[in-house]
There are 2 protein chains.
Amino acid sequence: MKISTKGRYGLTIMIELAKNFGEGPTSLKAIAQANNLSEHYLEQLIAPLRNAGLVKSIRGAYGGYILANEPAKITAGDVIRVLEGPIIIVEGIEDEEAAQKELWIRIRDAIRNVLDNTTLEDLANHSTDSEPEGYMFYI
Amino acid sequence: MKISTKGRYGLTIMIELAKNFGEGPTSLKAIAQANNLSEHYLEQLIAPLRNAGLVKSIRGAYGGYILANEPAKITAGDVIRVLEGPIIIVEGIEDEEAAQKELWIRIRDAIRNVLDNTTLEDLANHSTDSEPEGYMFYI
DNA sequence: TGTTATCCTTAGTAATTTGATAGGCATTAA
DNA sequence: TTAATGCCTATCAAATTACTAAGGATAACA
């Protein structure tokens with residue numbers, strides 16, 4: 001179980017757009033180069049973000065993308081939900097698994113709380129406070 | 001992103017063993033039948049649980065599995081970590097993604113908190129308080 | 001008007017994971 | 001000796017992930 005590169009790269013895109021908010025469109029090419037990612041792959045990630053109304057596109061030369069809303073009004077949850085799809089699917093849980101229900105509800109609520117209370121503004125401003133390397137991200 | 005059946009079925013096994021704790025071994029066959037699952041598939045899930053020292057096996061006729069410890073001393077985190085592997089891999093995060101670090105840390109800690117504070121005893125006793133159907137588990 | 005930079009769409013694909021199924025050997029209680 | 005169980009290895013179809021490839025549509029700008 002993990003958060004895939006879809007969610008991570010998607011957040012990377014959105015944070016870049018948050019940093020450039022109010023300064024006109026940012027091209028995917030610029031974002032891809034700045035973060036050393038495949039532009040083609042990012043195109044596939046931003047498509048659902050556009051469909052979800054989180055970003056607006058400006059076509060043609062010197063076009064690009066802009067956030068559809070202020071960075072303080074877009075949460076990490078908005079982005080992750082679009083790109084990672086349903087998290088903790090325990091839908092259609094069997095009666096036999098009823099004992100586990102409480103656990104999944106607790107985990108779901110804990111994650112929701114973080115995702116819905118962290119905005120792009122939070123993430124864009126935190127930029128490079130560079131903690132020590134070697135920290136780990138296993139639960 | 002989701003918690004797969006590995007984690008769910010694994011918890012199902014462990015909760016059954018918790019219910020039968022102190023009453024001798026429980027066979028996988030019995031657990032499989034009670035929960036309408038494939039016995040062969042459960043074998044593959046319990047192998048890592050045994051290797052991790054969470055359960056002990058008793059071979060031969062009328063054998064089965066028992067918890068290696070009291071239900072109150074085994075947490076959901078012990079089980080999930082073994083079966084689901086690393087959660088939220090953001091290891092080897094790039095410098096460019098530094099802005100996201102705070103988010104992953106917050107989510108990691110929130111999930112850890114739930115997993116490490118929910119024991120098999122909690123889950124085994126909660127059994128069938130049967131909440132209304134149709135609740136959802138998307139984040 | 002032509003060029004170029006960009007968005008947009010579809011298709012393909014190798015590697016990995018998931019969720020099993022199958023067959024058979026090893027061990028032990030009765 | 002038999003039957004019940006754990007244990008081990010292999011196989012496999014479907015889905016997902018993380019891309020790559022190719023090219024069309026649109027619009028700024030010279």
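First the proteins, then the strands, lettered A, B, ... as listed; each starts at 1. What you see is a predicted model; the values in this text were computed from it and never measured.
Between A:L45 atom CG and D:dT20 atom C1' there is a gap of 14 Å when expressed in whole angstrom units. Rounded to whole angstrom, the span from the CD atom of A:E84 across to the P atom of D:dT17 amounts to 7 Å. Rounded to whole Å, atom P of D:dC8 lies 13 Å from atom CG of B:L28. Rounded to whole Å, atom P of C:dT6 lies 16 Å from atom CD1 of A:I66. Computed from coordinates, the A:E43 CD to D:dA21 P distance equals 14 Å when rounded to whole Å. In this structure, A:L42 atom CG and C:dT6 atom P are separated by 14 Å, rounded to whole Å. Residue B:E39 contributes atom CD, which lies 7 Å from atom P of D:dG6 at whole-angstrom precision. Rounded to an integer number of Å, the gap from A:Y41 OH to D:dA21 C1' is 16 Å.
Comparing C:dG19, D:dT17, D:dA22 by their nearest atom to the side chain of B:K6 picks out C:dG19. Residue B:K29 places its side chain closer to D:dT5 than to any other of D:dG23, D:dT5, D:dC8.
Using a 4.0 Å heavy-atom criterion, one finds that A:I46 contacts no nucleic acid atom at all.
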Would you list the atom pairs, donor with acceptor, under 3.5 Å between side chains in residues 38-52 of chain A and any protein atom, with sequence neighbours excluded?
| from | atom 1 | to | atom 2 | distance (Å) |
| --- | --- | --- | --- | --- |
| A:S38 | OG | A:H40 | N | 3.4 |
| A:S38 | OG | A:Y41 | N | 3.0 |
| A:H40 | ND1 | A:E43 | OE1 | 3.2 |
| A:Y41 | OH | A:T5 | OG1 | 3.4 |
| A:N51 | ND2 | A:A47 | O | 3.4 |

Show me, pair by pair, the donor-acceptor contacts under 3.5 angstrom made by side chains of residues 22-34 of chain A, not counting sequence neighbours?
| from | atom 1 | to | atom 2 | distance (Å) |
| --- | --- | --- | --- | --- |
| A:T26 | OG1 | A:N20 | ND2 | 2.9 |
| A:S27 | OG | A:A30 | N | 3.1 |

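Between A:R81 and A:D116 there is a salt bridge, since at least one side-chain N of the basic residue sits less than 4.0 Å from a carboxylate O of the acidic one.
For C:dG19, neither phosphate oxygen OP1 nor OP2 lies less than 4.0 angstrom from any side-chain nitrogen or oxygen of B:R8. B:R50 has a side-chain polar atom (N or O) that falls below the 4.0 Å cut-off from OP1 or OP2 of D:dC7. Phosphate contact (OP1/OP2 of D:dC19, side-chain N/O of A:Y9, threshold under 4.0 Å): present. Residue A:S57 has a polar side-chain atom (N or O) positioned under 4.0 Å from OP1 or OP2 of C:dC8. Taking side-chain N and O atoms only, B:S38 has a distance below 4.0 Å to OP1 or OP2 of C:dT21.
For a distance-only test at 3.5 Å, the side chain of B:Q44 qualifies as a donor-acceptor partner of the base of C:dT21.
For B:N113, the side chain to side chain contact (heavy atoms under 4.5 Å, CB included) test picks out B:N117, with sequence neighbours left out. Qualifying salt bridge (charged side-chain N to carboxylate O under 4.0 Å, His left out) partners for B:E70, counting only residues two or more places apart in sequence or in other chains: B:K73. Residues forming a side chain to side chain contact (heavy atoms under 4.5 Å, CB included) with B:L67 (at least two apart in sequence, or on another chain): B:M14, B:L17, B:A18, B:F21, B:V55, B:P71, B:I74, B:L120.
The shortest side-chain heavy-atom distance between B:L54 and B:V82 falls under the 4.5 Å cut-off.
Only A:I58, A:R59, A:G60, A:A61, A:G63, A:G64, A:Y65, listed by number, bring a heavy atom of residues 58-65 of chain A to less than 4.0 angstrom from any atom of DNA chain C.
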